[in-house]
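First up is the structure itself, then whatever we jot down about it.
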Amino acid sequence: QDQLVESGGGLVQDGGSLRLSCTASGRAFNTAILGWFRQAPGKEREFVAWHNRRDTTTNYADSVKYRFTISRNSAENTVYLQMNSLKPEDTAVYYCAARVSMIGSTKSNDYEYWGQGTQVTVSS
């Protein structure tokens, strides 16, 4: 079964930290690119970060750069998103996504597999 399963969301105070996890299975297991997107109420889904298993390169949205870190356990095909210095504007549903291509992308339409999402709420 091709799927991505996220975990680790929750409620945290302004300035706090959370770590999200996403494990891939099936055809999503062998994809080069694993990434994170988020969607806040009333807003479009936006790119957060991606990790390329081939060369371990990463890319981040400007809004999360230097606060969030994406990492990957290739043996288990699990990708993590460590989120530090969280702000209320980080509140959203966070989605894990997998892209078959070896080239990273910030566009949600370029990803073939998606998780169900996990809620992150940052209180002020």
Side-chain angles (χ1 to χ4, degrees):
Q1 189 172 5
D2 307 326
Q3 63 177 352
L4 298 167
V5 179
E6 302 111 331
S7 61
L11 173 64
V12 65
Q13 290 187 332
D14 191 354
S17 298
L18 281 175
R19 189 176 83 152
L20 305 182
S21 301
C22 170
T23 300
S25 61
R27 284 178 291 183
F29 182 90
N30 292 319
T31 56
I33 306 295
L34 285 178
W36 291 94
F37 288 76
R38 67 186 182 185
Q39 188 167 18
K43 295 187 177 181
E44 293 187 353
R45 190 169 297 188
E46 65 174 4
F47 165 74
V48 175
W50 58 250
H51 181 286
N52 189 334
R53 182 177 63 178
R54 301 280 176 164
D55 56 12
T56 71
T57 54
T58 58
N59 188 32
Y60 297 91
D62 288 343
S63 59
V64 307
K65 200 173 291 183
Y66 311 120
R67 299 190 297 122
F68 291 11
T69 302
I70 189 169
S71 60
R72 189 165 178 172
N73 181 328
S74 293
E76 299 178 354
N77 217 31
T78 299
V79 66
Y80 303 96
L81 186 68
Q82 178 65 44
M83 305 185 293
N84 298 328
S85 302
L86 283 162
K87 306 174 183 180
E89 51 264 43
D90 293 318
T91 295
V93 177
Y94 283 70
Y95 296 91
C96 179
R99 171 167 161 80
V100 173
S101 169
M102 292 183 287
I103 302 172
S105 174
T106 63
K107 300 177 181 179
S108 59
N109 287 344
D110 287 341
Y111 289 74
E112 290 85 4
Y113 304 98
W114 290 86
Q116 80 286 355
T118 185
Q119 177 70 46
V120 171
T121 303
V122 184
S123 63
S124 57

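No hydrogens, no waters, no symmetry mates; every other heavy atom, side chains included, goes into these values.
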Considering only heavy atoms from C-beta outward, does the side chain of [X] approach that of [Y] to under 4.5 Å?
{"X": "Thr58", "Y": "His51", "result": "yes"}
{"X": "Thr69", "Y": "Tyr80", "result": "no"}
{"X": "Ser85", "Y": "Tyr66", "result": "no"}

Asn77 (side chain) donor-acceptor with Ser25 (main chain) under 3.5 angstrom:
no
Show, in sequence, the C-alpha distance, side-chain angles and deciding distance for Leu86 and Phe68, and conclude whether the side-chain contact (heavy atoms from CB on, under 4.5 Å) test is met.
CA-CA 9 Å; Leu86 283 162; Phe68 291 11; 3.8 Å; yes
To the nearest 0.5 Å, tell me how far [X] [atom1] sits from [Y] [atom2].
{"X": "Thr31", "Y": "Met102", "atom1": "OG1", "atom2": "CE", "result": "12.5 Å"}
{"X": "Arg72", "Y": "Thr56", "atom1": "CZ", "atom2": "OG1", "result": "10.5 Å"}
{"X": "Arg99", "Y": "Glu112", "atom1": "CZ", "atom2": "CD", "result": "6.5 Å"}
{"X": "Arg53", "Y": "Leu34", "atom1": "CZ", "atom2": "CG", "result": "8.0 Å"}

Closest non-hydrogen atom pair between [X] and [Y], with its separation:
{"X": "Val79", "Y": "Cys96", "value": "CG1-SG, 3.9 Å"}
{"X": "Ala24", "Y": "Leu4", "value": "CB-CD2, 3.3 Å"}
{"X": "Leu81", "Y": "Ala49", "value": "CD1-CB, 4.4 Å"}
{"X": "Asp110", "Y": "Ser105", "value": "OD2-OG, 2.6 Å"}

Hits for salt bridge (charged side-chain N to carboxylate O under 4.0 Å, His left out) against Asp90, two or more places apart or cross-chain, chain-then-number order -> Arg38, Arg67
Residues passing the salt bridge (charged side-chain N to carboxylate O under 4.0 Å, His left out) test with Lys65, sequence neighbours excluded, are Asp62
Residue set satisfying ring pair (Phe, Tyr, Trp, His ring centres under 6.0 Å) with Tyr94, at least two apart, ordered chain then number -> none
Those residues at least two apart in sequence (or on a different chain) that pass side-chain contact (heavy atoms from CB on, under 4.5 Å) with Val5 are Gln3
Counting neighbours of [atom1] on [X] that are heavy atoms of other residues, nucleotides or ligands and sit closer than 6.0 Å, is the number greater than 12?
{"X": "Glu89", "atom1": "CD", "result": "yes"}
{"X": "Asp55", "atom1": "CG", "result": "yes"}
{"X": "Leu11", "atom1": "CG", "result": "yes"}

Joining Ile, Leu, Val, Met, Phe, Trp and Tyr whenever any side-chain heavy atoms lie under 4.5 Å apart, the cluster holding Val93 also takes in Ile33, Phe37, Phe47, Trp50, Tyr95, Tyr111, Trp114
*Under a single-linkage definition using a 4.5 Å side-chain heavy-atom cutoff for Ile, Leu, Val, Met, Phe, Trp and Tyr, are Leu20 and Tyr60 assigned to the same hydrophobic cluster?*
yes
Quick one: side chains of residues 117-124, donor-acceptor pairs under 3.5 Å with protein atoms, not counting sequence neighbours, listed by atom name and distance.
| from | atom 1 | to | atom 2 | distance (Å) |
| --- | --- | --- | --- | --- |
| Thr118 | OG1 | Gly9 | N | 3.3 |
| Gln119 | NE2 | Ala92 | O | 3.4 |
| Gln119 | NE2 | Thr121 | OG1 | 3.3 |

